[in-house]
Amino acid sequence: MENTLGLEIIEVVEQAAIASAKWMGKGEKNIADQVAVEAMRERMNKIHMRGRIVIGEGERDDAPMLYIGEEVGICTQPNAESVCNPDELIEIDIAVDPCEGTNLVAYGQPGSMAVLAISEKGGLFAAPDFYMKKLAAPPAAKGKVDINKSATENLKILSECLDRSIEELVVVVMKRERHNDLIKEIREAGARVALISDGDVGAAISCGFAGTNIHALMGIGAAPEGVISAAAMRALGGHFQGQLIYDPAVVKTGLIGESREANIDRLKSMNINDPDKVYDAHELASGETILFAASGITSGNLMQGVRFFKDGARTQSLVISNQSKTARFVDTIHLFGEPKVLQLN
């Protein structure tokens, strides 16, 4: 899968990032998302693959493109057998977020990116559009920190695993009312808190790399993005756990169904009979082969955002594979007109 799709999935996220970046700072988050979706879908449909969206822009009635269940790729066409070889006809599942952090793009803030994860059919957890309690940590703490422990306990464990004082640790938390107690506890334990307004996928992945000065992600965010984060963290060997949140009283902000009881019924209809189950990275991204790709829209901890120059743009992307056990940063110059001397600034 990596050999046949590696370069092309980089181009998928690059094209989405470029399209969205053109709307950076214009205050139009919906348009920034829409153009990213269109660009991502257009490039996907040029790939010799048989893909199925398992995490996307929503249900069919709510999203005209990259909706859950949509088939993408040349090999989904009626005449696929005449244009695709048998290997390309193997079904793959795809989780996408064409514009992770739409508000970040709209207001010119750091950390937005176009992301996707790929695995063979059945290899990615089809998370409902709920919320998820998340815990991400570096590889050294894998299996040692636990989402069921308090933030204080996990910070002590993390301190021991990383051989650093708690005061040196930085925990990313989304700035939401539901996290007020969590933020207070982290600070009282002695650690530092980095608040973000949106975009926790980048924060989770940053825990998998040394030198980012991010040592944990804690708190509640969107469940679909949790699966994408888990895919990347599994390939990186980092720690990731997620637990679905179905009670509107816990979330406090945002829409999450009609009621706690109705949400439990919806989960049961999706064959999720234990709504309180804690999932680890291998359960959320269980496939034998995992590929993750991201391209910066606005600059963040891991990647620079799209930089435009006359008749072109420069992108920085990341592709992670559990097959080759690699994390590759890709710097690309895109020429929009006739080939010219490459611009490097």
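Here the structure is a predicted model, which means the values were calculated and not measured.
For residues 208-218, no pair satisfies salt bridge (Lys or Arg N to Asp or Glu O under 4.0 Å), with sequence neighbours left out.
Atom NZ of Lys268 has 12 or fewer neighbouring heavy atoms from other residues, nucleotides or ligands inside a 6.0 Å radius. Within a 6.0 Å radius of CG in Asp274, other residues, nucleotides and ligands contribute more than 12 heavy atoms. Heavy atoms from other residues, nucleotides or ligands lying under 6.0 Å from CD of Glu81 number 12 at most. Remark: Tyr107 OH is loosely packed, at most 12 non-hydrogen atoms of other residues, nucleotides or ligands lying under 6.0 Å away. Counted within 6.0 Å of CD on Glu185, heavy atoms from surrounding residues, nucleotides or ligands total more than 12; the atom is thus considered enclosed. Under a cut-off of 6.0 angstrom, the local environment of CG in Asn273 is crowded, with over 12 non-hydrogen atoms contributed by other residues, nucleotides or ligands.
With Glu120 contributing its side chain and Glu288 its backbone, the two residues share a donor-acceptor pair below 3.5 Å. When atom types are taken as modelled, the side chain of Thr298 and the backbone of Gln109 share a donor-acceptor pair closer than 3.5 angstrom. Side chain of Ser119 to main chain of Ile290: no donor-acceptor pair is present (N/O by atom type, distance under 3.5 Å, no hydrogens or angles). The backbone N or O of Gly111 lies less than 3.5 Å from no partner atom in the side chain of Glu100, so there is not a single donor-acceptor pair. Formation of a donor-acceptor pair under 3.5 Å by the Arg41 side chain with backbone atoms of Met65 is not found in this model. A donor-acceptor contact shorter than 3.5 Å is absent between the side chain of Lys29 and the backbone of Gly101. Side-chain atoms of Glu57 do not come within 3.5 Å of backbone N or O of Tyr67 as any donor-acceptor pair. For the pair Ser159 (side chain) and Arg164 (backbone), a donor-acceptor distance under 3.5 Å is present. Of the possible donor and acceptor atoms, one in the side chain of Ser299 sits under 3.5 Å from a partner among the backbone N and O of Gly305. Listed for the His215 side chain is no donor-acceptor partner under 3.5 Å among the backbone atoms of Pro138.
Side chains of Thr326 and Ser321: no donor on one and acceptor on the other come within 3.5 Å.
Going from atom CG of Asp198 over to atom CG of Asn103 covers 4.5 Å, rounded to the nearest 0.5 Å. How far OG of Ser295 is from CD1 of Ile10: 9.0 Å, rounded to the nearest 0.5 Å. Taken from CE in Met303 to CZ in Phe329, the straight-line distance is 7.5 Å, to the nearest 0.5 Å. Residue Tyr246 holds its OH atom at 9.5 Å from CG of Asn263, rounded to the nearest 0.5 Å.
Looking at Phe209 and Leu236, their side chains come closer than 4.5 Å, going by heavy atoms from C-beta outward. Contact annotation: the side chain of Val251 approaches that of Arg178 to within less than 4.5 Å [non-hydrogen atoms, C-beta and beyond]. Under the 4.5 Å side-chain criterion, counting only non-hydrogen atoms from C-beta, Lys149 is in contact with Ile157. Under the 4.5 Å side-chain criterion, counting only non-hydrogen atoms from C-beta, Val12 is in contact with Ile47. Side-chain contact between Pro128 and Ile272 is present, with heavy atoms from C-beta onward closer than 4.5 Å. Between Arg260 and Ile264 the shortest side-chain heavy-atom distance falls below 4.5 Å. Contact annotation: the side chain of Ser317 never approaches that of Thr332 to less than 4.5 Å [non-hydrogen atoms, C-beta and beyond]. With contacts defined as side-chain heavy-atom distances shorter than 4.5 Å, the pair Val72/Leu66 qualifies.
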Run the salt bridge (Lys or Arg N to Asp or Glu O under 4.0 Å) test on Glu160 and Lys144 for me, step by step, so that the C-alpha distance in whole Å, both residues' side-chain angles and the decisive distance to 0.1 Å come before the verdict. CA-CA 10 Å; Glu160 294 170 0; Lys144 297 175 182 176; over 6 Å; no

side-chain hydrogen bond (donor to acceptor under 3.5 Å, both in side chains), that's the test. Do Glu11 and Gln15 meet it? Break it down for me. CA-CA 6 Å; Glu11 293 181 356; Gln15 292 305 311; over 6 Å; no

Report the C-alpha separation of Lys142 and Met233 in whole Å, then their side-chain angles, then the decisive distance to 0.1 Å, and conclude whether the side-chain contact (heavy atoms from CB on, under 4.5 Å) test is met. CA-CA 10 Å; Lys142 183 179 179 181; Met233 288 298 276; over 6 Å; no

Can Thr212 and Leu302 be said to form a side-chain contact (heavy atoms from CB on, under 4.5 Å), step by step? CA-CA 7 Å; Thr212 61; Leu302 290 174; 3.9 Å; yes

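Taking 4.0 Å as the cut-off between side-chain N and carboxylate O, Glu283 and Lys277 count as a salt-bridged pair.
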